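Notes for the one structure printed next.
This one's a predicted model, so the numbers in the text were calculated from it and none came from an experiment. Protein chains get the first letters and strands the later ones, always in sequence-line order, with residue 1 at the start of each.
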Number of protein chains: 2
Amino acid sequence: MIRAAGVKVTRQRVRVLDALLAARQPLCHGELDAQLGGDGDDNGAAIDRVTLYRILDSLVGCGLALKAVDPRGVFRFSAAGAQRQHAGHVHFRCTDCGGVFCLAAEPPPPPKLPRGFQLGEVEFDVRGTCAQCTRAGVAP
Amino acid sequence: MIRAAGVKVTRQRVRVLDALLAARQPLCHGELDAQLGGDGDDNGAAIDRVTLYRILDSLVGCGLALKAVDPRGVFRFSAAGAQRQHAGHVHFRCTDCGGVFCLAAEPPPPPKLPRGFQLGEVEFDVRGTCAQCTRAGVAP
DNA sequence: CCGTAAATGCAACAGTGTTGCGTTTGCGGA
DNA sequence: TCCGCAAACGCAACACTGTTGCATTTACGG
C-alpha cells in the first residue's frame with residue numbers, strides 16, 4: 001500500500017494516512033495533530049509536530065496526499081483519492097461562513113490555451129452566500 | 001477619496017493605498033513593507049508592521065482593498081479596483097513556477113445554484129504547465 | 001542477527017499575523 | 001484659532017504555523 005509508493009512503511013505514516021483517508025475534508029495540521037493524539041486506543045502519544053509535517057511532505061512527495069491552502073492561510077492536506085472525487089466538478093464557496101459546497105453541475109470545457117501551455121486540471125469556483133448565511137444575514 | 005469610505009484619512013493610509021493602486025499584482029505584507037520603506041522621497045521611515053496590518057484590515061473593511069491567500073499561505077492584498085479588472089475572466093496557474101496568466105477566454109455562465117444560494121462571483125481557474133516551464137521540463 | 005539509511009523526536013529558530021497599551025494625530029466643535 | 005475626543009499609530013510582546021539541525025530509534029535488506 002504505502003510501500004508501493006516507494007517509501008518505508010512505519011506506524012506513524014499508517015496512522016497519518018488512515019486519518020487522511022477517513023477524513024471527508026482536507027485536514028489542517030492542527031486537526032491532524034488533535035485527532036492522532038486523541039485516539040488513545042493503541043497509543044495515546046501524539047505524533048510530534050515536526051514528524052507530522054515531514055510525513056505529510058513525504059506523502060505529498062510520493063503522490064499519496066495533496067496540499068492546499070485554505071482561506072485562513074494554513075495548509076490543508078487530503079488523501080489523493082479523496083481529491084480525485086472533487087476534481088472535475090464545481091464548488092460553491094460561501095464568502096460569509098467559509099463553507100464549501102459541491103454543486104452537481106458539470107464543469108464547462110476548458111478554454112483554448114496559448115501555444116506551449118499544457119492543460120492540467122480545471123477548477124470552477126463559484127463564490128457567494130450560502131442559503132444559511134443568506135437567511136441569517138437578512139433577519140438581523 | 002478615502003474619506004468617502006467613512007474612515008479617517010491619514011498619510012499612512014494614503015501611502016498604502018497608493019502602493020496598492022500602483023501595483024499590478026496583489027502584494028503581500030512583506031512587499032508592501034519593503035516598498036513603503038524603500039521609497040525614501042518624502043519620508044524614508046517604513047510603516048510599522050502592525051500598523052500596516054491594521055491599515056490593510058481597515059481598507060478591506062471599508063471595501064477599498066481585497067484580501068486573498070497565495071499558494072505559499074500568505075495573505076495578499078490588492079486595491080478593489082484592480083481586482084475588478086481580473087474578475088470575470090479566466091486565469092491560468094502554472095503548477096510548476098506558480099505564475100498566473102490571464103487568458104482572453106470568456107468565463108462560462110454560472111451554473112444553477114441550490115435554492116437560497118446567492119451568486120457572488122465566479123472564478124474559473126485552469127491549472128497546468130506554462131510554456132516556459134514546459135520547455136524547461138522537456139530538455140533536461 | 002547485524003548494519004545502514006531512513007524515519008522519528010526533541011530543541012530551537014524564522015516568518016506571519018495578532019493583541020495590549022501608551023502616544024500621536026486627524027477632525028469636529030467651542 | 002484653540003481644545004478635546006476618538007481614531008490611528010508605533011512599540012513591545014505574544015501566539016501560531018512551518019522549518020532546520022542533530023541525536024536517537026526503527027524499518028528493511030544483507
Within the structure, does a side-chain N or O atom of [X] lie under 4.0 Å from either OP1 or OP2 of [N]?
X	N	answer
R13(A)	dT8(C)	yes
T10(B)	dG26(C)	no
R11(A)	dT26(D)	no
Y53(A)	dG18(D)	yes
Q12(A)	dA27(D)	no

Spacing between [X] atom [atom1] and [N] atom [atom2], to the nearest angstrom:
X	N	atom1	atom2	answer
D70(B)	dG17(C)	CG	C1'	14 Å
H29(A)	dG15(C)	NE2	C1'	16 Å
L59(A)	dA7(C)	CG	P	10 Å
D48(B)	dT25(C)	CG	P	15 Å
K67(A)	dG18(D)	NZ	P	8 Å
E31(A)	dT17(D)	CD	P	10 Å
F77(A)	dT17(D)	CZ	P	12 Å
L56(B)	dG17(C)	CG	P	10 Å

If the test is side-chain hydrogen bond (donor to acceptor under 3.5 Å, both in side chains), which one of Q25(B), H29(B), E31(B) qualifies with R76(B)?
E31(B)
Do R54(A) side-chain and dG9(C) base share a donor-acceptor contact under 3.5 Å?
yes
Does a distance-only test, which skips hydrogens and angles, find a donor-acceptor pair under 3.5 Å between the side chain of R76(A) and the base of dG18(D)?
no
Decide yes or no for [X] and [Y]: does some side-chain heavy atom of the first lie under 4.5 Å from some side-chain heavy atom of the second?
X	Y	value
R72(B)	V69(A)	no
L64(B)	L20(B)	no
R13(B)	L17(B)	no

Parallel, tilted or perpendicular: which describes the rings of F117(A) and F92(B), with under 30° parallel and over 60° perpendicular?
perpendicular
Go through dG9(C), dC28(D), dT16(C) for me and flag the one nearest to the V9(A) side chain.
dC28(D)
Would you classify V50(A) as touching base, sugar-phosphate or nothing, given that sugar-phosphate means primed atoms plus P, OP1 and OP2, and contacts are heavy atoms under 4.0 Å?
base
Where each residue is assigned the nucleotide of DNA chain C containing its nearest heavy atom, which of I55(A) and R49(A) is assigned the position nearer the 5′ end?
I55(A)
